[in-house]
Protein chains: 2
Amino acid sequence: MKVLIIEDDPLHRSYLNEAIRAALPECDGVLEAENGNAGERLARDCKSEHIVMDLQMNQRNGIEAARTIWKERPETRILFWSNYSDEAYVRGISRIVPGGAVYGYVLKSASDDRLKLALRSIFIESQCVIDREVRGMQQKSLGNVNGFTEAEYEILVDIALGLTDRAIAQRRNLSVRSVQNRLQQLYVKLGVYQPLGSQDDDGRFNLRARAVAVAFLRKLLNHSALERAEGDLSVWLARQPHD
Amino acid sequence: MKVLIIEDDPLHRSYLNEAIRAALPECDGVLEAENGNAGERLARDCKSEHIVMDLQMNQRNGIEAARTIWKERPETRILFWSNYSDEAYVRGISRIVPGGAVYGYVLKSASDDRLKLALRSIFIESQCVIDREVRGMQQKSLGNVNGFTEAEYEILVDIALGLTDRAIAQRRNLSVRSVQNRLQQLYVKLGVYQPLGSQDDDGRFNLRARAVAVAFLRKLLNHSALERAEGDLSVWLARQPHD
DNA sequence: TTGGACCCTGCGGGATCCCGCAGAAAAGAT
DNA sequence: ATCTTTTCTGCGGGATCCCGCAGGGTCCAA
(Lines give C-alpha, C1' and ligand atoms only; values in the text may rest on other atoms or scores of the structure.)
Protein backbone atom coordinates (compact mmCIF):
# COMPACT_ATOMS: atom_id res chain seq x y z
CA MET A 1 0.00 0.00 0.00
CA LYS A 2 1.32 3.36 -1.04
CA VAL A 3 0.19 6.75 0.20
CA LEU A 4 0.48 10.04 -1.66
CA ILE A 5 0.81 13.35 0.14
CA ILE A 6 -0.16 16.54 -1.64
CA GLU A 7 0.73 19.51 0.52
CA ASP A 8 2.72 22.64 -0.17
CA ASP A 9 4.06 23.32 3.28
CA PRO A 10 7.30 21.38 3.93
CA LEU A 11 6.79 21.29 7.68
CA HIS A 12 3.31 19.93 7.37
CA ARG A 13 4.46 17.52 4.73
CA SER A 14 7.09 15.94 6.91
CA TYR A 15 4.73 15.87 9.85
CA LEU A 16 2.18 14.04 7.73
CA ASN A 17 4.80 11.66 6.48
CA GLU A 18 5.70 10.69 10.02
CA ALA A 19 2.09 10.39 11.08
CA ILE A 20 1.35 8.10 8.18
CA ARG A 21 4.28 5.83 8.86
CA ALA A 22 3.30 5.62 12.50
CA ALA A 23 -0.41 5.05 11.92
CA LEU A 24 -0.14 2.69 8.97
CA PRO A 25 2.55 0.03 9.43
CA GLU A 26 1.16 -1.74 6.39
CA CYS A 27 2.11 1.23 4.30
CA ASP A 28 5.23 0.55 2.27
CA GLY A 29 5.88 3.83 0.54
CA VAL A 30 5.02 7.48 0.89
CA LEU A 31 5.11 9.83 -2.05
CA GLU A 32 5.07 13.58 -1.78
CA ALA A 33 3.91 16.35 -4.08
CA GLU A 34 4.01 20.03 -3.29
CA ASN A 35 1.13 21.26 -5.40
CA GLY A 36 -2.00 20.14 -7.15
CA ASN A 37 -0.44 19.68 -10.55
CA ALA A 38 2.40 17.50 -9.36
CA GLY A 39 -0.09 15.62 -7.22
CA GLU A 40 -2.34 14.80 -10.15
CA ARG A 41 0.60 13.62 -12.17
CA LEU A 42 1.94 11.43 -9.40
CA ALA A 43 -1.48 9.97 -8.70
CA ARG A 44 -1.82 9.05 -12.36
CA ASP A 45 1.65 7.61 -12.78
CA CYS A 46 1.79 5.66 -9.57
CA LYS A 47 -1.82 4.60 -9.54
CA SER A 48 -1.90 5.68 -5.96
CA GLU A 49 -5.31 5.11 -4.41
CA HIS A 50 -4.60 6.54 -0.99
CA ILE A 51 -4.14 10.28 -0.85
CA VAL A 52 -3.83 12.90 1.84
CA MET A 53 -4.05 16.45 0.59
CA ASP A 54 -4.30 20.01 1.65
CA LEU A 55 -6.86 22.36 0.19
CA GLN A 56 -5.53 25.84 -0.55
CA MET A 57 -2.29 25.41 -2.42
CA ASN A 58 -0.58 27.88 -4.66
CA GLN A 59 -0.30 26.22 -8.02
CA ARG A 60 -3.55 24.36 -8.21
CA ASN A 61 -5.83 24.01 -5.29
CA GLY A 62 -6.89 20.80 -3.65
CA ILE A 63 -10.44 20.71 -4.91
CA GLU A 64 -9.34 21.02 -8.52
CA ALA A 65 -6.82 18.27 -8.02
CA ALA A 66 -9.33 16.03 -6.28
CA ARG A 67 -11.81 16.52 -9.06
CA THR A 68 -9.51 15.33 -11.80
CA ILE A 69 -8.14 12.51 -9.67
CA TRP A 70 -11.60 11.23 -8.87
CA LYS A 71 -12.63 11.61 -12.47
CA GLU A 72 -9.85 9.30 -13.55
CA ARG A 73 -10.15 6.85 -10.67
CA PRO A 74 -13.35 7.26 -8.66
CA GLU A 75 -12.46 4.67 -6.06
CA THR A 76 -9.46 6.68 -4.87
CA ARG A 77 -9.60 7.46 -1.18
CA ILE A 78 -8.78 10.99 -0.24
CA LEU A 79 -8.26 12.54 3.14
CA PHE A 80 -8.55 16.31 3.04
CA TRP A 81 -6.40 17.89 5.71
CA SER A 82 -7.03 21.57 5.91
CA ASN A 83 -6.70 24.59 8.15
CA TYR A 84 -10.21 25.78 7.63
CA SER A 85 -13.74 24.56 7.35
CA ASP A 86 -15.01 27.30 5.03
CA GLU A 87 -18.44 26.55 3.73
CA ALA A 88 -17.01 27.10 0.28
CA TYR A 89 -14.64 24.18 0.72
CA VAL A 90 -17.23 21.89 2.22
CA ARG A 91 -19.65 22.64 -0.56
CA GLY A 92 -16.97 22.35 -3.20
CA ILE A 93 -16.04 18.89 -2.01
CA SER A 94 -19.56 17.57 -1.69
CA ARG A 95 -20.03 18.69 -5.27
CA ILE A 96 -17.26 16.48 -6.63
CA VAL A 97 -17.18 13.40 -4.47
CA PRO A 98 -18.25 10.41 -6.56
CA GLY A 99 -21.14 8.31 -5.31
CA GLY A 100 -20.02 5.90 -2.62
CA ALA A 101 -16.46 7.14 -2.54
CA VAL A 102 -14.56 6.98 0.72
CA TYR A 103 -13.07 10.24 1.89
CA GLY A 104 -12.34 12.29 4.96
CA TYR A 105 -11.97 15.85 6.12
CA VAL A 106 -9.96 16.62 9.21
CA LEU A 107 -8.73 19.99 10.35
CA LYS A 108 -5.08 20.68 10.95
CA SER A 109 -5.96 21.84 14.42
CA ALA A 110 -7.06 18.33 15.31
CA SER A 111 -4.92 16.24 17.62
CA ASP A 112 -2.32 13.77 16.56
CA ASP A 113 -4.50 10.87 17.51
CA ARG A 114 -7.46 12.13 15.58
CA LEU A 115 -5.38 12.37 12.45
CA LYS A 116 -3.99 8.87 12.88
CA LEU A 117 -7.40 7.45 13.63
CA ALA A 118 -8.76 9.09 10.53
CA LEU A 119 -5.96 7.65 8.43
CA ARG A 120 -6.76 4.14 9.61
CA SER A 121 -10.50 4.56 9.29
CA ILE A 122 -10.33 5.75 5.73
CA PHE A 123 -7.51 3.71 4.28
CA ILE A 124 -8.04 0.46 6.18
CA GLU A 125 -11.63 0.36 7.31
CA SER A 126 -13.03 2.14 4.26
CA GLN A 127 -14.99 4.47 6.42
CA CYS A 128 -15.64 8.15 5.91
CA VAL A 129 -14.37 10.47 8.62
CA ILE A 130 -15.57 14.05 8.75
CA ASP A 131 -14.40 16.39 11.46
CA ARG A 132 -17.30 17.34 13.68
CA GLU A 133 -16.81 21.03 13.00
CA VAL A 134 -16.94 20.35 9.29
CA ARG A 135 -19.88 18.05 9.82
CA GLY A 136 -21.71 20.89 11.52
CA MET A 137 -21.03 23.13 8.56
CA GLN A 138 -22.27 20.51 6.19
CA GLN A 139 -25.56 20.05 7.96
CA LYS A 140 -26.23 23.71 8.36
CA SER A 141 -25.25 24.18 4.76
CA LEU A 142 -27.38 21.44 3.25
CA GLY A 143 -30.24 21.43 5.70
CA ASN A 144 -33.03 23.78 4.81
CA VAL A 145 -32.59 25.96 7.86
CA ASN A 146 -30.45 28.83 6.76
CA GLY A 147 -28.94 26.61 4.12
CA PHE A 148 -28.55 27.47 0.52
CA THR A 149 -30.16 25.64 -2.36
CA GLU A 150 -28.05 24.59 -5.26
CA ALA A 151 -29.89 27.19 -7.30
CA GLU A 152 -29.19 29.91 -4.81
CA TYR A 153 -25.57 29.05 -4.53
CA GLU A 154 -25.27 28.96 -8.27
CA ILE A 155 -26.67 32.42 -8.72
CA LEU A 156 -24.53 33.70 -5.91
CA VAL A 157 -21.47 32.53 -7.75
CA ASP A 158 -22.73 34.12 -10.94
CA ILE A 159 -23.11 37.57 -9.47
CA ALA A 160 -19.81 37.19 -7.65
CA LEU A 161 -18.24 36.67 -11.06
CA GLY A 162 -19.78 39.92 -12.20
CA LEU A 163 -22.35 38.60 -14.67
CA THR A 164 -25.41 40.65 -15.56
CA ASP A 165 -28.93 39.35 -15.11
CA ARG A 166 -29.17 38.80 -18.80
CA ALA A 167 -25.95 36.83 -19.01
CA ILE A 168 -27.01 34.67 -16.09
CA ALA A 169 -30.34 34.03 -17.75
CA GLN A 170 -28.60 32.90 -20.90
CA ARG A 171 -26.19 30.72 -19.05
CA ARG A 172 -28.74 29.02 -16.85
CA ASN A 173 -31.53 28.86 -19.39
CA LEU A 174 -33.89 31.08 -17.51
CA SER A 175 -35.77 34.25 -18.20
CA VAL A 176 -34.37 37.44 -16.82
CA ARG A 177 -37.25 37.71 -14.40
CA SER A 178 -36.55 34.31 -12.94
CA VAL A 179 -32.98 35.24 -12.38
CA GLN A 180 -34.17 38.29 -10.49
CA ASN A 181 -36.52 36.16 -8.46
CA ARG A 182 -33.68 33.96 -7.37
CA LEU A 183 -31.64 37.00 -6.58
CA GLN A 184 -34.33 38.34 -4.30
CA GLN A 185 -34.51 35.01 -2.59
CA LEU A 186 -30.77 35.08 -2.13
CA TYR A 187 -30.84 38.58 -0.71
CA VAL A 188 -33.37 37.51 1.87
CA LYS A 189 -31.39 34.48 2.94
CA LEU A 190 -28.22 36.49 3.24
CA GLY A 191 -29.99 38.98 5.44
CA VAL A 192 -29.31 41.77 3.00
CA TYR A 193 -32.81 42.61 1.97
CA GLN A 194 -34.54 45.69 3.42
CA PRO A 195 -38.30 45.25 3.54
CA LEU A 196 -38.95 48.70 2.21
CA GLY A 197 -40.04 50.28 5.46
CA SER A 198 -36.73 50.44 7.28
CA GLN A 199 -35.62 54.05 7.16
CA ASP A 200 -32.58 52.95 9.06
CA ASP A 201 -29.95 52.67 6.41
CA ASP A 202 -32.00 52.61 3.31
CA GLY A 203 -30.11 53.07 0.11
CA ARG A 204 -26.69 52.60 1.62
CA PHE A 205 -26.14 49.24 0.06
CA ASN A 206 -26.14 47.94 -3.45
CA LEU A 207 -27.78 44.60 -2.80
CA ARG A 208 -25.95 42.76 -5.53
CA ALA A 209 -22.53 43.85 -4.37
CA ARG A 210 -23.47 43.56 -0.72
CA ALA A 211 -24.59 39.99 -1.16
CA VAL A 212 -21.19 39.07 -2.53
CA ALA A 213 -19.49 40.87 0.33
CA VAL A 214 -21.37 39.07 3.08
CA ALA A 215 -20.92 35.78 1.26
CA PHE A 216 -17.18 36.33 1.39
CA LEU A 217 -17.26 37.44 4.99
CA ARG A 218 -19.19 34.31 5.93
CA LYS A 219 -16.76 32.23 3.91
CA LEU A 220 -19.59 31.01 1.78
CA LEU A 221 -17.28 32.03 -1.01
CA ASN A 222 -13.51 32.13 -0.98
CA HIS A 223 -10.68 32.63 -3.38
CA SER A 224 -10.48 29.08 -4.61
CA ALA A 225 -14.21 28.84 -5.19
CA LEU A 226 -14.06 32.01 -7.21
CA GLU A 227 -11.12 30.77 -9.22
CA ARG A 228 -12.90 27.58 -10.03
CA ALA A 229 -16.02 29.43 -11.07
CA GLU A 230 -13.98 31.78 -13.22
CA GLY A 231 -12.52 28.78 -15.01
CA ASP A 232 -15.95 27.31 -15.69
CA LEU A 233 -17.16 30.68 -16.86
CA SER A 234 -14.41 31.15 -19.37
CA VAL A 235 -15.12 27.71 -20.79
CA TRP A 236 -18.75 28.68 -21.23
CA LEU A 237 -17.84 32.02 -22.74
CA ALA A 238 -15.58 30.40 -25.29
CA ARG A 239 -18.39 28.11 -26.41
CA GLN A 240 -20.76 31.01 -26.72
CA PRO A 241 -21.50 32.49 -30.13
CA HIS A 242 -21.13 36.26 -30.01
CA ASP A 243 -24.64 37.42 -29.28
CA MET B 1 16.06 40.68 24.80
CA LYS B 2 12.76 38.91 24.49
CA VAL B 3 10.99 37.82 21.33
CA LEU B 4 7.27 37.30 20.90
CA ILE B 5 5.86 34.82 18.41
CA ILE B 6 2.31 35.27 17.16
CA GLU B 7 1.34 32.33 14.99
CA ASP B 8 -1.60 29.98 15.07
CA ASP B 9 0.01 26.89 13.61
CA PRO B 10 1.75 24.83 16.32
CA LEU B 11 4.23 23.31 13.90
CA HIS B 12 5.27 26.63 12.54
CA ARG B 13 5.38 28.05 16.03
CA SER B 14 7.85 25.53 17.29
CA TYR B 15 9.89 25.82 14.14
CA LEU B 16 10.07 29.57 14.63
CA ASN B 17 10.98 29.13 18.24
CA GLU B 18 13.93 26.96 17.32
CA ALA B 19 15.03 29.27 14.55
CA ILE B 20 14.98 32.24 16.90
CA ARG B 21 17.02 30.51 19.55
CA ALA B 22 19.54 29.45 16.96
CA ALA B 23 19.81 32.77 15.19
CA LEU B 24 19.74 35.02 18.24
CA PRO B 25 21.92 33.76 21.07
CA GLU B 26 21.43 37.11 22.79
CA CYS B 27 17.75 36.32 23.07
CA ASP B 28 16.85 35.26 26.62
CA GLY B 29 13.19 34.43 26.32
CA VAL B 30 10.65 33.49 23.70
CA LEU B 31 6.94 34.06 24.22
CA GLU B 32 4.23 32.51 22.12
CA ALA B 33 0.70 33.53 21.28
CA GLU B 34 -1.64 31.63 19.03
CA ASN B 35 -3.78 34.45 17.72
CA GLY B 36 -3.88 38.18 17.26
CA ASN B 37 -5.76 38.95 20.43
CA ALA B 38 -3.46 37.02 22.71
CA GLY B 39 -0.54 38.50 20.83
CA GLU B 40 -1.65 42.06 21.46
CA ARG B 41 -2.17 41.34 25.11
CA LEU B 42 1.20 39.71 25.53
CA ALA B 43 2.94 42.50 23.66
CA ARG B 44 1.34 45.02 25.98
CA ASP B 45 2.01 43.15 29.19
CA CYS B 46 5.56 42.11 28.48
CA LYS B 47 6.57 45.27 26.68
CA SER B 48 8.01 43.05 24.02
CA GLU B 49 9.59 45.04 21.24
CA HIS B 50 10.63 42.17 19.03
CA ILE B 51 7.84 40.31 17.34
CA VAL B 52 7.52 37.66 14.67
CA MET B 53 4.00 37.10 13.43
CA ASP B 54 1.94 35.37 10.83
CA LEU B 55 -0.66 37.18 8.82
CA GLN B 56 -3.87 35.21 8.32
CA MET B 57 -4.90 33.89 11.69
CA ASN B 58 -8.32 32.81 12.78
CA GLN B 59 -9.19 34.97 15.73
CA ARG B 60 -7.71 38.24 14.70
CA ASN B 61 -5.47 38.61 11.74
CA GLY B 62 -1.90 39.82 11.78
CA ILE B 63 -2.45 43.20 10.25
CA GLU B 64 -5.04 44.13 12.84
CA ALA B 65 -2.72 43.02 15.60
CA ALA B 66 0.23 44.89 14.13
CA ARG B 67 -1.82 48.02 13.84
CA THR B 68 -2.74 48.17 17.49
CA ILE B 69 0.70 47.11 18.61
CA TRP B 70 2.35 49.80 16.56
CA LYS B 71 -0.17 52.31 17.74
CA GLU B 72 0.78 51.67 21.32
CA ARG B 73 4.52 51.33 20.75
CA PRO B 74 5.65 52.56 17.35
CA GLU B 75 9.26 51.50 17.77
CA THR B 76 8.32 47.83 18.01
CA ARG B 77 10.07 45.71 15.43
CA ILE B 78 7.91 43.25 13.62
CA LEU B 79 8.83 40.48 11.25
CA PHE B 80 5.88 39.31 9.19
CA TRP B 81 6.25 35.68 8.25
CA SER B 82 3.57 34.62 5.84
CA ASN B 83 2.67 32.04 3.26
CA TYR B 84 1.59 34.52 0.67
CA SER B 85 2.51 37.83 -0.85
CA ASP B 86 -1.00 38.94 -1.75
CA GLU B 87 -1.10 42.53 -2.81
CA ALA B 88 -3.79 43.02 -0.20
CA TYR B 89 -1.35 42.11 2.55
CA VAL B 90 1.49 44.18 1.21
CA ARG B 91 -0.73 47.18 0.86
CA GLY B 92 -2.32 46.63 4.23
CA ILE B 93 1.07 46.63 5.91
CA SER B 94 2.46 49.64 4.12
CA ARG B 95 -0.68 51.45 5.29
CA ILE B 96 0.04 50.91 8.96
CA VAL B 97 3.80 50.91 9.36
CA PRO B 98 4.80 53.98 11.37
CA GLY B 99 7.36 56.32 9.87
CA GLY B 100 10.86 55.00 10.29
CA ALA B 101 9.79 51.77 11.93
CA VAL B 102 11.89 48.67 11.39
CA TYR B 103 10.05 45.69 10.02
CA GLY B 104 10.41 42.72 7.72
CA TYR B 105 8.37 40.48 5.47
CA VAL B 106 9.64 37.03 4.60
CA LEU B 107 7.72 34.21 3.04
CA LYS B 108 7.37 30.87 4.71
CA SER B 109 8.74 29.26 1.60
CA ALA B 110 12.07 30.98 2.17
CA SER B 111 15.05 28.93 3.29
CA ASP B 112 16.12 28.46 6.85
CA ASP B 113 19.08 30.73 6.38
CA ARG B 114 17.02 33.52 4.92
CA LEU B 115 14.76 33.48 7.92
CA LYS B 116 17.66 33.53 10.37
CA LEU B 117 19.39 36.28 8.45
CA ALA B 118 16.22 38.33 8.50
CA LEU B 119 15.88 37.83 12.24
CA ARG B 120 19.37 39.17 12.84
CA SER B 121 19.02 42.02 10.39
CA ILE B 122 15.83 43.31 11.91
CA PHE B 123 16.34 42.70 15.59
CA ILE B 124 20.08 43.35 15.83
CA GLU B 125 21.04 45.54 12.92
CA SER B 126 17.80 47.52 12.83
CA GLN B 127 17.49 46.97 9.16
CA CYS B 128 14.36 46.31 7.15
CA VAL B 129 14.23 43.04 5.24
CA ILE B 130 11.63 42.52 2.57
CA ASP B 131 11.49 39.32 0.59
CA ARG B 132 12.31 39.99 -3.03
CA GLU B 133 9.01 38.58 -4.23
CA VAL B 134 7.16 40.86 -1.86
CA ARG B 135 9.42 43.70 -2.90
CA GLY B 136 8.37 43.13 -6.48
CA MET B 137 4.74 43.31 -5.50
CA GLN B 138 5.33 46.49 -3.59
CA GLN B 139 6.96 48.24 -6.50
CA LYS B 140 4.41 47.17 -9.02
CA SER B 141 1.72 48.11 -6.57
CA LEU B 142 2.97 51.56 -5.67
CA GLY B 143 4.63 52.48 -8.92
CA ASN B 144 2.35 54.22 -11.36
CA VAL B 145 2.56 51.47 -13.95
CA ASN B 146 -0.45 49.30 -13.37
CA GLY B 147 -0.42 50.37 -9.76
CA PHE B 148 -3.39 51.59 -7.84
CA THR B 149 -3.70 55.00 -6.26
CA GLU B 150 -4.81 55.27 -2.69
CA ALA B 151 -8.03 56.77 -3.98
CA GLU B 152 -8.61 53.94 -6.41
CA TYR B 153 -7.94 51.31 -3.84
CA GLU B 154 -10.24 53.02 -1.42
CA ILE B 155 -13.14 53.05 -3.79
CA LEU B 156 -12.47 49.46 -4.75
CA VAL B 157 -12.86 48.49 -1.15
CA ASP B 158 -16.04 50.52 -0.90
CA ILE B 159 -17.77 48.79 -3.76
CA ALA B 160 -16.49 45.44 -2.53
CA LEU B 161 -18.31 46.17 0.71
CA GLY B 162 -21.47 46.75 -1.28
CA LEU B 163 -21.89 50.48 -0.77
CA THR B 164 -23.89 52.54 -3.24
CA ASP B 165 -22.44 55.52 -5.04
CA ARG B 166 -24.32 57.81 -2.74
CA ALA B 167 -23.08 56.15 0.41
CA ILE B 168 -19.52 56.27 -0.86
CA ALA B 169 -19.91 59.94 -1.67
CA GLN B 170 -21.10 60.63 1.86
CA ARG B 171 -18.36 58.61 3.41
CA ARG B 172 -15.54 60.10 1.38
CA ASN B 173 -16.88 63.62 1.19
CA LEU B 174 -17.32 63.68 -2.53
CA SER B 175 -20.10 64.29 -4.96
CA VAL B 176 -21.78 61.31 -6.49
CA ARG B 177 -20.36 62.20 -9.85
CA SER B 178 -16.81 62.18 -8.53
CA VAL B 179 -17.34 58.77 -7.09
CA GLN B 180 -18.46 57.61 -10.49
CA ASN B 181 -15.41 59.16 -12.07
CA ARG B 182 -13.16 57.21 -9.78
CA LEU B 183 -15.11 54.10 -10.53
CA GLN B 184 -14.59 54.52 -14.24
CA GLN B 185 -10.92 55.01 -13.65
CA LEU B 186 -10.85 51.86 -11.58
CA TYR B 187 -12.67 49.89 -14.26
CA VAL B 188 -10.09 50.92 -16.80
CA LYS B 189 -7.17 49.96 -14.63
CA LEU B 190 -8.68 46.60 -13.83
CA GLY B 191 -9.16 45.92 -17.51
CA VAL B 192 -12.88 45.62 -17.08
CA TYR B 193 -14.01 48.58 -19.11
CA GLN B 194 -15.43 48.05 -22.62
CA PRO B 195 -14.82 51.07 -24.83
CA LEU B 196 -18.33 51.01 -26.19
CA GLY B 197 -17.50 49.66 -29.63
CA SER B 198 -16.63 46.10 -28.71
CA GLN B 199 -19.53 43.92 -29.81
CA ASP B 200 -17.58 41.02 -28.44
CA ASP B 201 -19.18 40.40 -25.12
CA ASP B 202 -20.99 43.59 -24.52
CA GLY B 203 -23.43 43.58 -21.69
CA ARG B 204 -22.27 40.32 -20.19
CA PHE B 205 -20.67 41.92 -17.19
CA ASN B 206 -21.87 44.21 -14.49
CA LEU B 207 -18.80 46.38 -14.19
CA ARG B 208 -19.15 47.03 -10.51
CA ALA B 209 -19.44 43.40 -9.59
CA ARG B 210 -16.88 42.36 -12.15
CA ALA B 211 -14.33 44.77 -10.77
CA VAL B 212 -14.65 43.18 -7.36
CA ALA B 213 -14.32 39.74 -8.88
CA VAL B 214 -11.09 40.45 -10.73
CA ALA B 215 -9.70 42.25 -7.70
CA PHE B 216 -10.23 39.09 -5.70
CA LEU B 217 -8.81 36.90 -8.41
CA ARG B 218 -5.70 39.07 -8.56
CA LYS B 219 -5.47 39.01 -4.79
CA LEU B 220 -5.74 42.74 -4.71
CA LEU B 221 -8.41 42.00 -2.16
CA ASN B 222 -8.62 39.04 0.16
CA HIS B 223 -10.66 37.90 3.07
CA SER B 224 -8.72 39.71 5.75
CA ALA B 225 -8.73 42.99 3.84
CA LEU B 226 -12.47 42.72 3.49
CA GLU B 227 -12.91 41.93 7.14
CA ARG B 228 -10.85 44.92 8.12
CA ALA B 229 -12.81 47.16 5.80
CA GLU B 230 -16.07 45.81 7.17
CA GLY B 231 -14.95 46.71 10.64
CA ASP B 232 -14.08 50.26 9.63
CA LEU B 233 -17.37 50.54 7.83
CA SER B 234 -19.45 49.53 10.80
CA VAL B 235 -17.64 52.08 12.94
CA TRP B 236 -18.49 54.75 10.40
CA LEU B 237 -22.09 53.60 10.14
CA ALA B 238 -22.53 53.76 13.89
CA ARG B 239 -21.34 57.35 13.95
CA GLN B 240 -23.65 58.26 11.14
CA PRO B 241 -26.92 60.04 11.85
CA HIS B 242 -29.79 58.27 10.09
CA ASP B 243 -30.00 59.92 6.69
C1' DT C 1 -61.22 17.35 -10.49
C1' DT C 2 -60.11 20.75 -7.33
C1' DG C 3 -57.11 23.26 -4.39
C1' DG C 4 -52.71 24.66 -2.75
C1' DA C 5 -47.70 25.26 -2.87
C1' DC C 6 -44.13 26.23 -5.79
C1' DC C 7 -41.44 28.02 -9.65
C1' DC C 8 -41.21 30.43 -14.17
C1' DT C 9 -42.52 34.35 -16.90
C1' DG C 10 -44.06 39.11 -18.70
C1' DC C 11 -45.14 43.94 -17.48
C1' DG C 12 -44.18 48.18 -15.52
C1' DG C 13 -42.05 51.67 -12.84
C1' DG C 14 -38.90 53.78 -9.67
C1' DA C 15 -34.08 53.71 -8.20
C1' DT C 16 -29.46 53.03 -9.39
C1' DC C 17 -25.68 52.67 -12.33
C1' DC C 18 -22.64 53.91 -16.31
C1' DC C 19 -20.71 57.55 -18.70
C1' DG C 20 -20.16 61.49 -22.39
C1' DC C 21 -20.05 66.46 -22.23
C1' DA C 22 -18.46 70.64 -20.31
C1' DG C 23 -17.53 74.07 -16.91
C1' DA C 24 -15.23 75.09 -12.22
C1' DA C 25 -11.76 74.40 -8.86
C1' DA C 26 -7.20 72.80 -7.35
C1' DA C 27 -2.50 71.51 -7.93
C1' DG C 28 1.78 71.95 -10.43
C1' DA C 29 4.94 73.53 -14.10
C1' DT C 30 7.30 76.94 -16.80
C1' DA D 1 1.57 85.20 -13.18
C1' DT D 2 0.09 82.24 -16.80
C1' DC D 3 -0.50 77.89 -18.67
C1' DT D 4 -1.24 72.91 -18.16
C1' DT D 5 -2.80 68.99 -16.01
C1' DT D 6 -5.59 66.84 -12.94
C1' DT D 7 -9.59 66.42 -10.20
C1' DC D 8 -14.22 67.71 -8.82
C1' DT D 9 -18.90 68.81 -10.03
C1' DG D 10 -23.67 69.25 -12.41
C1' DC D 11 -26.61 67.72 -16.27
C1' DG D 12 -28.72 64.39 -18.91
C1' DG D 13 -29.92 60.05 -20.91
C1' DG D 14 -29.72 55.18 -21.84
C1' DA D 15 -28.99 50.69 -19.65
C1' DT D 16 -29.43 47.97 -15.72
C1' DC D 17 -31.18 46.63 -11.40
C1' DC D 18 -34.79 45.85 -7.82
C1' DC D 19 -39.22 44.27 -7.11
C1' DG D 20 -44.60 44.33 -6.64
C1' DC D 21 -48.31 42.41 -9.30
C1' DA D 22 -50.47 38.95 -11.86
C1' DG D 23 -50.98 35.08 -15.01
C1' DG D 24 -49.48 30.42 -16.31
C1' DG D 25 -47.27 26.25 -15.72
C1' DT D 26 -45.92 21.63 -12.65
C1' DC D 27 -46.50 18.54 -8.90
C1' DC D 28 -48.72 16.62 -4.98
C1' DA D 29 -52.48 15.79 -1.81
C1' DA D 30 -57.37 15.75 -0.85
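Throughout, protein chains are lettered first and strands after them, A, B, ... in sequence-line order, and every chain is numbered starting at 1. Below, each value reflects all heavy atoms present in this structure, side chains not excepted, and no hydrogens, waters or symmetry copies.
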Rounded distance in Å - [atom1] ([X]) to [atom2] ([N]):
X	N	atom1	atom2	answer
Ile155(B)	dT7(D)	CD1	P	13 Å
Arg166(B)	dC18(C)	CZ	P	15 Å
Gln185(B)	dT5(D)	CD	C1'	13 Å
Arg204(B)	dA15(D)	CZ	P	17 Å
Glu152(A)	dC8(C)	CD	C1'	15 Å
Leu183(B)	dT9(D)	CG	P	14 Å
Asn206(B)	dC17(C)	CG	C1'	8 Å
Arg172(A)	dC8(C)	CZ	P	13 Å

Which nucleotide wins on minimum distance to the side chain of [X], given the candidates [options]?
X	options	value
Leu207(A)	dC18(D), dC21(C), dG20(D)	dC18(D)
Leu174(B)	dC18(D), dT9(C), dC8(D)	dC8(D)
Thr164(A)	dT16(D), dC19(D), dC18(C)	dT16(D)

Looking only at side-chain N and O atoms, does [X] come under 4.0 Å of OP1 or OP2 in [N]?
X	N	value
Ser178(A)	dC8(C)	no
Arg182(A)	dC8(C)	yes
Arg208(A)	dC18(D)	yes
Tyr193(A)	dG20(D)	yes

So, the side chain of Thr149(B) versus the backbone of Glu152(B): is there a donor-acceptor pair under 3.5 Å, distance only? no
Is there a donor-acceptor contact under 3.5 Å linking the side chains of Arg177(A) and Asn181(A)? yes
Residues Arg135(B) and Gln138(B): side-chain donor-acceptor under 3.5 angstrom: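 Yes, Gln138(B) and Arg135(B) have a side-chain donor paired with an acceptor closer than 3.5 Å.
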By nearest nucleotide on DNA chain C, pick out whichever of Ala209(B) and Asn181(A) is the more 5' one. Asn181(A)
Residue pair Gln180(B)/Asn173(B) against DNA chain D: nearer the 5' end by closest nucleotide is Asn173(B)
Hey, is the side chain of Arg177(B) pairing donor to acceptor with the base of dG23(C) inside 3.5 Å? no
dC18(D) base to Gln184(A) side chain: any donor-acceptor pair below 3.5 Å? no
As an exercise, state the distance from CZ of Phe80(B) to CE of Met53(B), rounded to the nearest 0.5 Å. 5.5 Å
Determine, using ring centers only, whether Phe216(B) and Phe216(A) are less than 6.0 Å apart.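 For Phe216(A) and Phe216(B), the ring centres are under 6.0 Å apart.
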